[in-house]
Amino acid sequence: MKLIFLGPPGAGKGTQAQRLSEKYHIAQISTGDMLRAEVQSGSEIGLKAKKIMEAGSLFPDDLMVKMIKQRIEKDDCKYGFILDGFPRNVDQAKALDQMFAEQHLKLDAVLLLEVDEKRLADRISNRFSCAKCGASYNKQFKKPKKEGVCDVCGSTELVFRSDDNKDTVLERLRVYREQTAPLLPYYKEKKCLYPINGMKSVDAVTKDIDLILKKIKM
Ligand code: AMP
């Protein structure tokens, strides 16, 4: 199963991708997480990515495409993967099409999480995650069972993303509308775009996704 998640920042792509990855035992590939790991490691790519991410802009296509190409060739992608945060523009989508053609892979579905943009700033400013295992939380909707402690791995390193501040979020939304939204007609034309109401509860969205996946019989 090969899936793509689309939707603006804060739509819930990461949360749903994580659930699908656990349920179907397929790899979750988050380009944002890959770049954050580079920043953490202090690599050359990380230094470049830090500035770009803090500005809310997009990392260069050629480097991003190269990272994805290497990632989907890894063993854990053998039975499928979920792309969360890639492609981010039409050029990246075309590069992905080429990768799929070269490796004889078939894209099963593009899941679009539709949300009310006015509510996104709130969602984003409330979210945080575990620095150790990546589990995601929200101050309003999904608090850890014990305050300050990750439910999954027990770490007390719960962190907010530095690009989740108001100014950067506005720029990320602008970039989404300008560069990522053109992917909607792109995939609609390929007849693989499935819109989902992302304003429902996390569990309800998961159910809707399951129904879609059953319908397209994977
Ligand atoms: P995300 O975690 O998906 O919200 O991504 C965080 C940031 O990483 C974005 O605002 C971009 O700066 C960068 N980024 C993530 N994925 C991509 C991509 N496919 N192309 C370019 N930049 C990306």
Side-chain angles (χ1 to χ4, degrees), residues 1-34 36 76-77 79-86 88 107-161 163-164 169 172-173 176 180-181 183-184 187-188 192-218:
M1 173 156 55
K2 281 113 202 146
L3 303 170
I4 292 175
F5 264 110
L6 278 185
K13 302 184 295 292
T15 305
Q16 296 298 336
Q18 198 176 346
R19 286 184 166 203
L20 281 186
S21 158
E22 282 161 14
K23 181 165 181 185
Y24 294 100
H25 308 288
I26 55 178
Q28 175 188 3
I29 305 179
S30 156
T31 39
D33 283 351
M34 287 165 77
R36 279 184 284 277
D76 65 335
C77 292
Y79 301 110
F81 50 83
I82 308 158
L83 293 171
D84 155 20
F86 186 94
R88 240 8 190 247
L107 176 64
D108 296 294
V110 178
L111 304 168
L112 167 67
L113 293 178
E114 293 183 310
V115 284
D116 175 359
E117 274 201 20
K118 285 185 236 108
R119 304 268 299 277
L120 287 179
D122 247 7
R123 273 196 184 190
I124 292 175
S125 59
N126 281 322
R127 71 182 180 182
F128 58 102
S129 63
C130 173
K132 275 244 169 77
C133 73
S136 53
Y137 299 97
N138 185 293
K139 276 197 280 182
Q140 264 180 314
F141 319 110
K142 197 188 160 197
K143 294 181 190 169
K145 288 188 189 93
K146 188 171 171 208
E147 198 185 328
V149 182
C150 176
D151 293 346
V152 181
C153 74
S155 163
T156 49
E157 247 187 287
L158 301 180
V159 292
F160 287 87
R161 276 170 55 170
D163 62 344
D164 274 352
V169 167
R172 284 160 64 202
L173 280 171
Y176 176 80
T180 312
L183 291 178
L184 276 47
Y187 286 119
K188 198 170 177 190
C192 58
L193 185 73
Y194 296 87
I196 294 148
N197 178 359
M199 295 310 292
K200 292 187 184 176
S201 70
V202 174
D203 286 343
V205 173
T206 304
K207 266 193 193 147
D208 288 350
I209 292 173
D210 275 340
L211 285 177
I212 290 171
L213 297 184
K214 271 194 195 117
K215 210 163 69 184
I216 54 180
K217 292 196 185 74
M218 288 190 293

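Every heavy atom of this structure was used, including side-chain atoms; hydrogens, water molecules and symmetry mates were not.
Within the 4.5 Å cutoff, the side chain of F5 has heavy atoms near those of the I209 side chain. For the pair R36 and R161, the minimum side-chain heavy-atom distance is below 4.5 Å. Taking 4.5 Å as the limit, every side-chain heavy atom of N126 sits out of range of all side-chain heavy atoms of F141. Counting heavy atoms from C-beta outward, L213 and M1 have side chains that approach closer than 4.5 Å. In this structure, Q16 and V202 have side chains that are in contact, with non-hydrogen atoms separated by less than 4.5 Å. Here the side chains of D203 and R19 are in contact, with some heavy-atom distance below 4.5 Å. Residues C192 and V110 form a side-chain contact, since some pair of their non-hydrogen atoms from C-beta on lies under 4.5 Å apart. In this structure the side chain of Y137 reaches within 4.5 angstrom of the side chain of C150, judged on heavy atoms.
Minimum heavy-atom separation, Y176 to P9: CB-CD, 4.2 Å. The shortest non-hydrogen separation linking D84 to Q28 is OD2-NE2, 3.3 Å. Here the closest heavy-atom approach between residue F86 and residue I4 is recorded as O-CG2, 3.9 Å. Across every non-hydrogen atom of A17 and I82, the tightest pair is O-CD1, 3.4 Å. When all heavy atoms of A11 and L113 are compared, the closest pair comes out as O-CD1, 3.7 Å. Heavy atoms only, all atoms of each residue included: C77 and I29 are closest at SG-CD1, 3.8 Å.
In this structure, the side chain of K142 engages the main chain of S136 through a donor-acceptor pair within 3.5 Å. Judged purely by atom type and a 3.5 angstrom limit, K132 has no side-chain atom pairing as donor or acceptor with the backbone of E157. Judged by distance alone, the side chain of S21 and the main-chain N or O of I26 form a donor-acceptor pair under 3.5 Å. For D151 (side chain) and K145 (main-chain N/O), a donor-acceptor pair under 3.5 Å exists by modelled atom type. Not one N or O on the side chain of D108 forms a donor-acceptor pair closer than 3.5 Å with the backbone of L3.
The line from CD of E147 to CG of L158 is 9.5 Å long, rounded to the nearest 0.5 Å. With rounding to the nearest 0.5 Å, the separation of CZ in R123 from CZ in R119 is 7.0 Å. To the nearest 0.5 Å, atom NZ of residue K207 and atom OG of residue S201 are 8.0 Å apart. Atoms OG1 and CG, from T31 and L83 in turn, are 8.0 Å apart once rounded to the nearest 0.5 Å. For the atom pair CD1 of I216 and CG of L211, the computed distance is 11.5 Å after rounding to the nearest 0.5 Å. Note that the CG atom of L111 and the CD1 atom of I196 stand 4.5 Å from one another [nearest 0.5 Å].
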Report task. Please lay out, stage by stage, how T180 and R172 fare under the test side-chain contact (heavy atoms from CB on, under 4.5 Å). Result -> CA-CA 10 Å; T180 312; R172 284 160 64 202; over 6 Å; no
Query raised in the report: Do T15 and Q18 pass the side-chain contact (heavy atoms from CB on, under 4.5 Å) test, and can you show the C-alpha distance, the side-chain angles, and the key distance before you say yes or no?
Result: CA-CA 5 Å; T15 305; Q18 198 176 346; 5.7 Å; no
Query - Evaluation steps, side-chain contact (heavy atoms from CB on, under 4.5 Å), between Y187 and L112 - result: CA-CA 10 Å; Y187 286 119; L112 167 67; over 6 Å; no
**Report entry** Derivation and outcome, side-chain contact (heavy atoms from CB on, under 4.5 Å), residues T206 and K23
**Finding:** CA-CA 11 Å; T206 304; K23 181 165 181 185; over 6 Å; no
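Other residues, nucleotides and ligands place no more than 12 heavy atoms under 6.0 Å from the OH atom of Y79.
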